[in-house]
Student: 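Below you'll find the structure I mean.
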Amino acid sequence: MTKTATIKKNYHYIIFRKLVLVSILIGFLSCFLGILLKNATEYYEGIFFERANANIIFYLVFPFMGFSTIYFLRQYLFKKKENKGIKEVFESTDSKSKNLPNYKIPSHFINGFLTVIFGGSTGIEISTVVATATIGSVAQQKKNFFRQYKTELICAGVAAGITALFGSPIAGLLFAYEVISKKVSQVFILTTGIAVAIAFGLLNLINEPPLFAINISTWHLKAIPYFILLGILAGMNAVYLTKSVLFIKGQFLKINTHFYKIILGSVILSASLILFPELYGEGYHSIKAIINTPTQISLTVSVALSLVALLILKPIVTSITLASGGDGGVFAPSLFIGAFLGLLTGLCLNHFFNSEVIVLNFMVLGMAAVLSASIDAPFTALFLTLGLTNNYVLFVPILIVCFVSKYTAKMIFPHTVYTFIPNTTK
């Protein structure tokens, strides 16, 4: 048998073997990038936040420094091209010829890192998604026969990146399906399955802890009506977040001089951080400060007003951060809004109606519910939240609030920040 005949006979095995190898590589690199960005951001965000708390002048300086540094890097290092977030991934998967350029890996990594540590009120999740998607995109360009599997290899990178951030391989798989691919094939299952397995194995190897270590022991059937109420409120808040991002980014597009965008964004963000330091960066530090001691918080007028102010301001400062040139998305803001919405709802139910709901449960449910409605991906939100807390007791309640919030949001406004297409042409 000739060599050509042998190759033809074993063609499918050769393709399978190469897909396995490239998926292993994508999974490892994407997970490594995700872990590195997550830990570096958390470490330096903590240092910068501590400095700002010690001296108020840093609340005034940090946002301007962050936006300015990102602008100059974009101008002189990253080819004067702005990061468009996850829409860049959609553009690549929708086109046979358009690929994510290599520089998107350092661009999103560095800009996402700088945005958050200098107080930008967003998160690194979408920066990680685009950077890891680029790893998959670069891999598919290396071999001609990989190009027909571009979407699958991009999804493999994205799934591994989400797994690295949230410690849930199922959430990684579901995000790649619900948000990026929206279809399942044998190659999709193979590539993303291998990538998340590698990522999850690496997480366990280095013993990466869950983002929120929470002790949840029970929930009660009588609370289901309250879960539904929370889901409705979460859907409404998600729409407010989406419309805030779309509106404020639209208004900032009317400002032709980018320096003015930086000044305006810095002033608004600085003022918000001085009033409410909880809004600094991802805001996970604020959630962690409360989530382990929710029973020690009682509903007073000042507490209620503070929580309402956070729910109103967070979408605004997130939108300002993105419109001023910051890198990020709605993942972290959704979790932040959901946690504080759940806290406020639980406290109000207990104070005014003697409902005896478990406030901690409502904080976790709120995170899942707002995320589900914000990205239109209920199963991703379900398993991502379970991975965040490393606790599966609330599986059924989370499932309920995720679907209630999703359909509430879609009834009010059918788009997310990922799917909305403006009518104006640039």
Side-chain angles (χ1 to χ4, degrees), residues 19 23 26-27 30 84-100 104 125-137 139-140 146-163 165-166 168-197 199 235 238-239 241-242 245-246 329-331 334 368-385 387 399 402-411 413-422:
L19 283 172
S23 299
I26 291 171
S30 298
K84 295 185 287 185
I86 201 170
K87 289 187 177 181
E88 297 172 283
V89 181
F90 296 151
E91 291 173 0
S92 180
T93 55
D94 290 340
S95 170
K96 292 183 178 180
S97 58
K98 191 169 185 178
N99 294 306
L100 292 165
K104 286 294 177 183
E125 291 78 14
I126 295 304
S127 303
T128 305
V129 164
V130 181
T132 54
T134 305
I135 292 175
S137 180
Q140 63 86 26
F146 280 158
R147 291 176 184 174
Q148 62 182 310
Y149 305 119
K150 178 169 74 170
T151 297
E152 288 83 356
L153 294 180
I154 286 175
C155 285
V158 169
I162 292 294
T163 300
L165 291 182
F166 299 108
S168 173
I170 299 177
L173 282 167
L174 288 171
F175 181 83
Y177 164 69
E178 289 186 301
V179 178
I180 307 297
S181 175
K182 299 187 184 298
K183 60 183 179 180
V184 176
S185 65
Q186 290 180 338
V187 175
F188 174 89
I189 295 172
L190 175 69
T191 55
T192 54
I194 291 173
V196 299
V239 171
L241 171 61
T242 298
V245 172
L246 297 176
V330 298
F331 255 84
S334 295
V370 176
L371 181 62
S372 170
S374 295
I375 67 174
D376 192 21
F379 288 110
T380 297
L382 166 67
F383 285 99
L384 187 146
T385 307
L399 188 64
C402 282
F403 276 95
V404 171
S405 66
K406 170 189 172 176
Y407 287 107
T408 298
K410 290 188 79 68
M411 287 175 61
F413 187 65
H415 302 289
T416 68
V417 292
Y418 301 158
T419 61
F420 182 80
I421 301 175

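Residue indices begin at 1 and follow the sequence shown.
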Student: Between CZ of F383 and CG of L399, what distance do you get to the nearest 0.5 Å?
Tutor: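 Spacing of CZ (F383) from CG (L399) equals 8.5 Å.
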Student: Sequence neighbours excluded, which residues qualify as side-chain hydrogen bond (donor to acceptor under 3.5 Å, both in side chains) partners of T380?
Tutor: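 Checked T380 against side-chain hydrogen bond (donor to acceptor under 3.5 Å, both in side chains); matches are E178.
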Student: I'd like a table of donor-acceptor pairs (distance under 3.5 Å, sequence neighbours excluded) in which one partner is a side-chain atom from residues 169-177, with atom names and distances.
Tutor:
none

Student: Closer than 3.5 angstrom, by distance alone: can the side chain of T242 be matched with the main-chain N or O of T416 as a donor-acceptor pair?
Tutor: no
Student: Between atom CD of E91 and atom CD1 of I86, what is the distance when rounded to the nearest 0.5 Å?
Tutor: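 The CD atom of E91 sits 11.5 Å away from the CD1 atom of I86.
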Student: Could you check whether any side-chain N or O of T192 sits under 3.5 Å from a backbone N or O of A156, counting only pairs where one atom can act as donor and the other as acceptor?
Tutor: no
Student: Minimum heavy-atom separation for V158 and A133, please, with both atom names.
Tutor: CG2-CB, 3.6 Å
Student: Is there a donor-acceptor contact under 3.5 Å from the side chain of S92 to the main chain of K98?
Tutor: yes
Student: Considering non-hydrogen atoms only, spot the tightest contact between T191 and E152 and give its length.
Tutor: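 T191 and E152 have their closest heavy atoms at OG1-O, 3.4 Å.
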Student: Could you give the distance from CG (N99) to NZ (K104), rounded to the nearest 0.5 Å?
Tutor: 13.0 Å
Student: Partners of F413 by ring pair (Phe, Tyr, Trp, His ring centres under 6.0 Å), sequence neighbours excluded?
Tutor: H415
Student: Can you name the closest pair of heavy atoms from E125 and L165 and give their distance?
Tutor: CA-CD1, 3.7 Å
Student: Before you tell me yes or no, could you show the steps for I194 and L19 under side chain to side chain contact (heavy atoms under 4.5 Å, CB included), namely the whole-Å CA-CA distance, both residues' side-chain angles and the distance that decides it to 0.1 Å?
Tutor: CA-CA 10 Å; I194 291 173; L19 283 172; over 6 Å; no
Student: Take L384 and S168, measure what side chain to side chain contact (heavy atoms under 4.5 Å, CB included) needs, and give me the verdict at the end.
Tutor: CA-CA 6 Å; L384 187 146; S168 173; 5.7 Å; no
Student: Could you work out, with ring pair (Phe, Tyr, Trp, His ring centres under 6.0 Å) as the rule, every residue matching F188, not counting sequence neighbours?
Tutor: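 Testing F188 for ring pair (Phe, Tyr, Trp, His ring centres under 6.0 Å), a comparison that skips the adjacent residues, returns none.
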Student: Angle class for the F90/Y418 ring planes (parallel below 30°, perpendicular above 60°, tilted otherwise)?
Tutor: perpendicular
Student: Give every donor-acceptor pair under 3.5 Å between a side-chain atom in residues 371-378 and any protein atom, sequence neighbours left out.
Tutor:
{"from": "S372", "atom 1": "OG", "to": "C402", "atom 2": "O", "distance (Å)": "2.8"}
{"from": "S374", "atom 1": "OG", "to": "S334", "atom 2": "OG", "distance (Å)": "3.0"}
{"from": "S374", "atom 1": "OG", "to": "V370", "atom 2": "O", "distance (Å)": "2.8"}

Student: Go through the structure and list residues passing side-chain contact (heavy atoms from CB on, under 4.5 Å) with S30, not counting sequence neighbours.
Tutor: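 Applying side-chain contact (heavy atoms from CB on, under 4.5 Å) to S30 gives I26, T132, I135, A160.
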Student: Please check if atom NZ in K183 has more than 12 non-hydrogen atoms from other residues, nucleotides or ligands closer than 6.0 Å.
Tutor: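 Count not over threshold, so no.
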Student: Can you measure from CD1 (I126) to CD (E88) and round to the nearest 0.5 angstrom?
Tutor: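 It comes to 11.0 Å.
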